[in-house]
Asks: 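So that we are looking at the same thing, I have put the structure below in structure tokens.
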Amino acid sequence: MGKKLKNSGLVALGVVAGVAVSLQFSALAQRAEPALPLEELRQLADVYGLIKSDYVEQVDDKKLLTEAISGMVASLDPHSAYLDKKAYAELREGSQGKFVGLGIEIAQSDDGYIKIVSPIEDSPAYRAGIKAGDLITRLDQIPLKGLSLDESVKRMRGEPHSKVTLTVLRKDEPQPLTFNLVREEIHQKSVKGRIVEPGYGWLRVAQFQEPTVDDLAAKITELYRQDPHLKGLVLDLRNDPGGVLQGAIGVAAAFLPKDTPVVSTNGQLPDMKEIYYARPEYYSLRSDTDALARLPEAVKRVPLAVLVNTGSASASEIVAGALQDYKRATIIGSQTFGKGSVQTIRQLTADTALKLTTARYYTPHGRSIQAKGIVPDLNVNEYPDGDGLNALRMREADLEKHLSNDREAEAARDKRDELEEQMRILALEKKRKPLEYGTPDDFQLRQALNHLKGLPVQLAKPDSQIVQAGVPVKHK
């Protein structure tokens with residue numbers, strides 16, 4: 001099975017909203033063709049003919065057929081999609097941990113602008129002095145207010161060495177700031193960490209990519225070199241939207257005994273009914289190396305806490321679910337996104353592909369992640385006085401046409417009038433300075449450290465959860 005996984009290419013689990021993807025490039029012609037519904041196909045041909053003959057303007061044939069394919073696939077569930085040349089290239093870039101852009105994480109602000117979540121270290125934006133909390137109002141004098149994140153992404157990306165001008169609003173600055181940047185290839189470090197207190201380390205996985213297992217092993221080794229007698233580790237998966245499946249298996253394997261089942265899948269196809277184990281053949285993308293082989297033995301036993309929130313999806317949920325099932329770690333934070341379905345990439349042409357939902361993911365003890373996510377062992381808010389914008393994020397169960405959970409009935413959503421609560425949270429957030437994970441101001445990290453030390457942990461109030469409303473994060 002391990003050989004099959006590696007030969008099938010990258011198995012990715014989501015970007016932004018937690019898109020699980022398996023890059024399997026098998027020839028569709030080799031599959032047995034199902035019987036075609038001829039009457040419906042005749043209707044499709046009739047509609048195509050009527051549009052070509054009667055529509056008010058001429059419509060390009062290729063555009064019409066491409067949109068028909070896109071609409072057919074999009075009608076299935078929120079994560080199946082037709083990938084045109086640009087979308088397919090971006091998906092491959094994301095899994096490799098590199099892209100051409102400015103080097104910023106962005107989100108939609110509550111007043112319609114594009115907000116900087118954080119600049120990526122040693123990127124054009126970072127070197128220019130762009131800061132977390134800045135609002136981008138214009139790009140090359142084109143207003144961004146009201147544009148979707150996807151549209152903003154397209155405008156910020158471009159060719160290497162191309163120039164772009166950002167107009168930025170910054171709190172406490174009386175006038176807008178102008179930054180002239182040059183796009184370049186951005187190499188994201190998916191893992192960072194440090195000793196946050198004597199005896200306690202913090203590891204953050206921002207996204208699961210091809211280099212993640214190597215990066216994690218290097219960072220753990222570095223932490224043990226600084227302190228060979230670590231008393232506890234915090235694995236931070238907050239706002240990690242997912243990524244490459246091998247990365248998820250490898251991160252879980254770093255803390256679990258070898259050969260332990262990490263995750264399983266189930267779908268119609270025989271190769272979608274699989275169990276993935278904590279073995280090199282399941283997490284190593286290079287057959288001749290095992291990045292985890294050189295880790296200190298103590299990492300298998302060190303007390304472990306895992307931080308998650310509503311933005312933790314797909315691969316993040318696989319890791320948290322496995323460590324929770326085996327009671328290897330205490331999961332702290334809020335209920336995760338609930339992205340527990342597998343999308344397989346079927347290449348159509350050299351530049352286009354189909355991303356199709358083909359299976360569901362299950363934790364080692366058989367819990368379905370889909371539309372439920374991972375419920376933390378300790379429910380801890382983002383701040384002492386509430387969960388901040390995390391309480392307003394959309395979850396998988398809120399998405400239209402989401403795939404159901406086949407193991408449990410979905411809990412009824414809270415139907416209270418959430419508008420007043422949302423406005424209260426947004427007003428409160430305007431007064432806060434942007435939260436930077438891993439700093440002394442990181443309330444959830446402090447609670448995780450308290451737990452590892454055996455000290456009291458400040459839990460969220462039982463009634464603090466509200467209906468989600470959706471704030472995705474993207475990398476530019």
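Reckoned from all heavy atoms, side chains included, excluding hydrogens, waters and symmetry mates.
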Asks: One pair to check against side-chain contact (heavy atoms from CB on, under 4.5 Å): Asp236 and Val308. What are the steps and the verdict?
Replies: CA-CA 7 Å; Asp236 192 345; Val308 297; over 6 Å; no
Asks: Is there side-chain contact between Asp387 and Ser334, with heavy atoms separated by less than 4.5 Å?
Replies: yes
Asks: Going by the rule salt bridge (charged side-chain N to carboxylate O under 4.0 Å, His left out), which residues pair with Lys115 if we only count those two or more places apart in sequence or in a different chain?
Replies: none
Asks: Give me each pair satisfying salt bridge (charged side-chain N to carboxylate O under 4.0 Å, His left out) with a member in residues 163-175, each pair once, sequence neighbours excluded.
Replies: Asp134-Arg170
Asks: Please tell me if the side chains of Leu91 and Lys355 come closer than 4.5 Å, counting only heavy atoms from C-beta onward.
Replies: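 The answer is yes; the side chains approach within 4.5 Å.
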Asks: How far apart are the closest heavy atoms of Ser190 and Gln209, and which atoms are they?
Replies: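 Result for this residue pair: CB-OE1, 3.5 Å.
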Asks: Hydrogens and angles aside, do Gln343 and Ser341 bring a side-chain donor and acceptor to less than 3.5 Å of each other?
Replies: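 Present: a donor and an acceptor within the cut-off.
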Asks: Could you tell me whether Glu40 atom CD has more than 12 heavy atoms of other residues or ligands within 6.0 Å of it?
Replies: yes
Asks: Test of understanding: with side-chain hydrogen bond (donor to acceptor under 3.5 Å, both in side chains), list the residues that count as partners of Ser162, not counting sequence neighbours.
Replies: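 Listed in chain order: Arg183.
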Asks: With a 4.5 Å cut-off on side-chain heavy atoms, are Thr178 and Leu166 touching?
Replies: no
Asks: Taking all atoms of both residues into account, what is the closest heavy-atom pair of Gly242 and Ser314, and its distance?
Replies: CA-CB, 4.1 Å
Asks: Pairing donors with acceptors under 3.5 angstrom, does anything connect the side chains of Asp84 and Thr352?
Replies: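 Judged by distance alone, the side chains do not pair up.
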Asks: Side chains of Asp442 and Thr439: do they bring a donor and an acceptor to under 3.5 Å?
Replies: no
Asks: Can you tell if the side chain of Leu139 reaches within under 4.5 Å of the side chain of Met156, non-hydrogen atoms only?
Replies: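 A side-chain contact under 4.5 Å exists here.
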Asks: Which residue pairs satisfy the salt bridge (charged side-chain N to carboxylate O under 4.0 Å, His left out) criterion with at least one member in residues 136-145, sequence neighbours excluded?
Replies: none
Asks: Counting only heavy atoms from other residues, nucleotides and ligands, does the tally under 6.0 Å from CZ of Phe443 exceed 12?
Replies: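 Yes - once you tally the heavy atoms of other residues, nucleotides and ligands closer than 6.0 Å, there are more than 12.
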Asks: Taking the side chain as every heavy atom from C-beta outward, state whether Pro241 and Gln207 have any pair of such atoms under 4.5 Å apart.
Replies: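 Pro241 vs Gln207: side chains touch.
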Asks: Write down the atom of Phe337, the atom of Glu317, and the distance for their closest heavy-atom approach.
Replies: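 For Phe337 and Glu317, the tightest heavy-atom pair comes out as N-OE2, 3.3 Å.
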Asks: Nearest heavy-atom pair of Ala320 and Leu237: which atoms, and what distance?
Replies: N-CD1, 4.5 Å
Asks: Around Glu185, counting heavy atoms of other residues, nucleotides and ligands shown, do more than 12 lie under 6.0 Å from its CD?
Replies: yes
Asks: Under a 4.5 Å cut-off applied to non-hydrogen side-chain atoms, are Val205 and Val319 in contact?
Replies: no
Asks: Might you point out which heavy atoms bring Ala132 and Pro119 nearest each other, and give the distance in Å?
Replies: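 Heavy-atom minimum between the residues: N-CD, 4.0 Å.
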Asks: Does any donor atom in the side chain of Asp377 or Gln324 lie under 3.5 Å from an acceptor atom in the other side chain?
Replies: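 Present: a donor and an acceptor within the cut-off.
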Asks: Show, in sequence, the C-alpha distance, side-chain angles and deciding distance for Thr357 and Val342, and conclude whether the side-chain contact (heavy atoms from CB on, under 4.5 Å) test is met.
Replies: CA-CA 5 Å; Thr357 300; Val342 183; over 6 Å; no
Asks: Checking the side chain of Arg238 only, and the main-chain atoms of Gly333 only, is there a donor and an acceptor separated by less than 3.5 Å?
Replies: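 Not at all, since once roles are kept as given, no pair shorter than 3.5 Å links the two residues.
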Asks: Is Asn381 reaching over with its side chain to a backbone N or O of Pro384, donor-acceptor style, under 3.5 angstrom?
Replies: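 It does not hold such a pair.
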Asks: Does the Gln246 side chain pair with the main chain of Tyr283, one donor and one acceptor, at a distance under 3.5 Å?
Replies: no
Asks: Start with the C-alpha distance between Thr212 and Asp215, add both sets of side-chain angles, then the distance that settles side chain to side chain donor-acceptor pair (under 3.5 Å), and finish with yes or no.
Replies: CA-CA 5 Å; Thr212 294; Asp215 291 348; 5.6 Å; no
Asks: Determine the minimum heavy-atom distance between Ile186 and Pro124, stating which atoms define it.
Replies: CD1-CD, 3.5 Å
Asks: Between Arg204 and Val234 (side chain of the first, backbone of the second, donor and acceptor by atom type, cut-off under 3.5 Å), is there such a pair?
Replies: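 The answer is no, because no donor-acceptor pair under 3.5 Å joins these two groups.
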Asks: Please check this pair: side chain of Asn390 against backbone of Thr310, looking for a donor-acceptor N/O pair closer than 3.5 Å.
Replies: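 Such a contact is found between Asn390 side chain and Thr310 backbone.
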Asks: Can you check side-chain contact (heavy atoms from CB on, under 4.5 Å) on Thr167 and Leu177, steps first, answer last?
Replies: CA-CA 6 Å; Thr167 304; Leu177 304 177; over 6 Å; no
Asks: Quick one: are Thr344 and Met272 in side-chain contact, heavy atoms under 4.5 Å?
Replies: yes
Asks: Between Arg127 and Glu184, is there a side-chain N and carboxylate O pair less than 4.0 Å apart?
Replies: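 Salt bridge flag = yes for Glu184 with Arg127.
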Asks: Under 3.5 Å, sequence neighbours excluded: what are the donor-acceptor pairs made by side chains of residues 41-52?
Replies:
from  : atom 1 : to    : atom 2 : distance (Å)
Tyr48 : OH     : Asp61 : OD1    : 3.0
Lys52 : NZ     : Val59 : O      : 2.8
Lys52 : NZ     : Asp61 : OD1    : 2.4

Asks: Looking at side-chain heavy atoms only, is the closest gap between Leu399 and Met394 below 4.5 Å?
Replies: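 A side-chain contact under 4.5 Å exists here.
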Asks: Do side-chain atoms of Asn379 reach the backbone of Ala460 as a donor and acceptor pair under 3.5 angstrom?
Replies: no
Asks: Can you check side chain to side chain donor-acceptor pair (under 3.5 Å) on Tyr362 and Asp406, steps first, answer last?
Replies: CA-CA 10 Å; Tyr362 304 88; Asp406 61 331; 2.7 Å; yes
Asks: Report the C-alpha distance between Val306 and Thr330 in whole Å, list the side-chain angles of each, state the deciding distance to 0.1 Å, and finish with yes or no for side-chain contact (heavy atoms from CB on, under 4.5 Å).
Replies: CA-CA 6 Å; Val306 178; Thr330 301; over 6 Å; no
Asks: By the definition side chain to side chain donor-acceptor pair (under 3.5 Å), identify the one residue from Lys372, His402, Lys339, His79 that meets it with Glu396.
Replies: His79
Asks: When you compare the side chains of Thr336 and Ser312, does any donor N or O come within less than 3.5 Å of an acceptor on the partner?
Replies: no
Asks: Would you tell me whether Asn239 and Tyr437 have side-chain atoms, one donor and one acceptor, within less than 3.5 Å of each other?
Replies: yes
Asks: Would you say Ser70's side chain and Thr66's backbone share a donor-acceptor pair under 3.5 angstrom?
Replies: no
Asks: Considering residues at least two apart in sequence or located in another chain, which fulfil the salt bridge (charged side-chain N to carboxylate O under 4.0 Å, His left out) criterion with Lys401?
Replies: none
